[in-house]
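For reference, the structure discussed in these notes is given below.
FYI, the numbering just counts along the sequence from 1.
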Amino acid sequence: MKIIAPSILSADFARLGEEVQAVEKAGADWIHVDVMDGRFVPNITIGPVVCKAVNRVTDLPLDVHLMIKQPELYVEDFVKAGADYITIQVESTTHLNRTVNLIRELGAKPGVVLNPTTPLSSLEWVLEYVDLVMLMSVNPGFGGQKFIDNSLRKTEELANMIQSKGLNALIELDGGINSKTIKSASDAGCDAFVAGSAIFGSEDYTATIKEFRTLLGEA
Ligand code: DX5
Ligand code: ZN
């Protein structure tokens, strides 16, 4: 089954606990937590304190997306805050292999994220060490942006790359996923879908997630 990961970036932060419980009840698989530092991306969001609070109100895995410089300085805090998956941007750290290993040693599942124009070749020497590769299908920093179309071809090429190396890293897409884009993303080989505005901006979270599952051929 494919994985649906609502991004709390588009939730009502004044009612964050209720919002997280609402998407869990609506059938979400993971909770996607967007961490931004105002340096790697032009926006500032949340840190380990909020991550820990979210972890207290849900049984779902936390998929923590670090859009921060020097992520190696903070991964331990996020593991302690309950992160299950920690994804780091390949552009954000000089010592990618070391940081991926650190995440695993601390007991979380490491993943790497590529900005829209970062080539797949940047994965060559790290792919075998990660559980997850996330492709940004928008420029990171904000919710509610339009899906960048060539992310589909990039997803197909990544799926071939993973298969030809005999690996099983999951492919996740982040940005602009909605009822118009989810099916083609899935057909291209995507396993996990982050959706912020499409879910939290909808009237009925259960109906929206159900619609996604129908489009994915699962309902
Ligand atoms: C963007 C974040 C995304 C964002 C996606 O930098 O990484 O996770 O919340 O939002 P939507 O689904 O609205 O494009
Ligand atoms: Zn994200």
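No continuous path of ILVMFWY side-chain contacts below 4.5 Å connects M36 to V112, so the two sit in separate hydrophobic clusters. Taking hydrophobic clusters as Ile, Leu, Val, Met, Phe, Trp and Tyr residues chained together by side-chain heavy-atom distances below 4.5 Å, I46 does not share a cluster with V194. Residues V130 and L106 fall within the same hydrophobic cluster, defined by Ile, Leu, Val, Met, Phe, Trp and Tyr side chains chained together at heavy-atom separations under 4.5 Å. In the hydrophobic clustering of ILVMFWY residues, with side-chain heavy atoms under 4.5 Å counting as a link, L96 and Y74 come out together. Under the 4.5 Å side-chain heavy-atom criterion for ILVMFWY residues, a single connected hydrophobic cluster contains both M134 and V138.
Between the side chain of K154 and the backbone N or O of M136 there is no donor-acceptor pair closer than 3.5 Å. The backbone N or O of S202 sits nowhere less than 3.5 Å from a side-chain atom of T208 that would complete a donor-acceptor pair. Without hydrogens or angle criteria, Q21 side chain to V57 main chain gives a donor-acceptor distance under 3.5 Å. N178 places a side-chain N or O within 3.5 Å of a backbone atom of T181 that can act as its donor or acceptor partner. Side-chain atoms of S137 do not come within 3.5 Å of backbone N or O of I148 as any donor-acceptor pair.
Sorted by first then second residue, the ring-ring contact (aromatic ring centres under 6.0 Å, His included) pairs that include residues 51-72, not counting sequence neighbours, are H32-H65. Sorted by first and then second residue, the salt bridge (Lys or Arg N to Asp or Glu O under 4.0 Å) pairs involving residues 194-206 (not counting sequence neighbours) form an empty list. For residues 210-219, the set of pairs meeting the salt bridge (Lys or Arg N to Asp or Glu O under 4.0 Å) definition, not counting sequence neighbours, comprises D29-R213, R213-E218. For residues 105-145, there are no ring-ring contact (aromatic ring centres under 6.0 Å, His included) pairs, not counting sequence neighbours.
Looking at every heavy atom in both residues, A108 comes nearest to V79 through CB-CG2, 3.9 Å. What you find for N168 and G166 is that their closest heavy atoms are OD1-O, 4.2 Å. Summarising the geometry of P116 relative to N139, their closest heavy-atom pair is CG-OD1, 3.6 Å, with the distance given to 0.1 Å. Of all non-hydrogen atoms in D63 and A5, the two that sit nearest each other are OD2-CB, 4.3 Å.
Residues F193 and S186 are in side-chain contact: their nearest non-hydrogen atoms beyond the backbone lie under 4.5 Å apart. Between R104 and D131, the closest side-chain pair of non-hydrogen atoms falls below 4.5 Å. Considering only heavy atoms from C-beta on, D37 comes within 4.5 Å of K69 through its side chain. In this structure the side chain of T206 never reaches within 4.5 angstrom of the side chain of K25, judged on heavy atoms.
Residues passing the ring pair (Phe, Tyr, Trp, His ring centres under 6.0 Å) test with Y85 are W30, sequence neighbours excluded. Applying the ring pair (Phe, Tyr, Trp, His ring centres under 6.0 Å) test to Y205 and every residue at least two apart in sequence or in another chain returns F200.
Heavy atoms from other residues, nucleotides or ligands lying under 6.0 Å from CZ of R39 number 12 at most.
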For this session: Check the pair I199, I4 against side chain to side chain contact (heavy atoms under 4.5 Å, CB included), reporting the backbone distance first and the verdict last.
Result: CA-CA 10 Å; I199 292 176; I4 295 177; 4.0 Å; yes

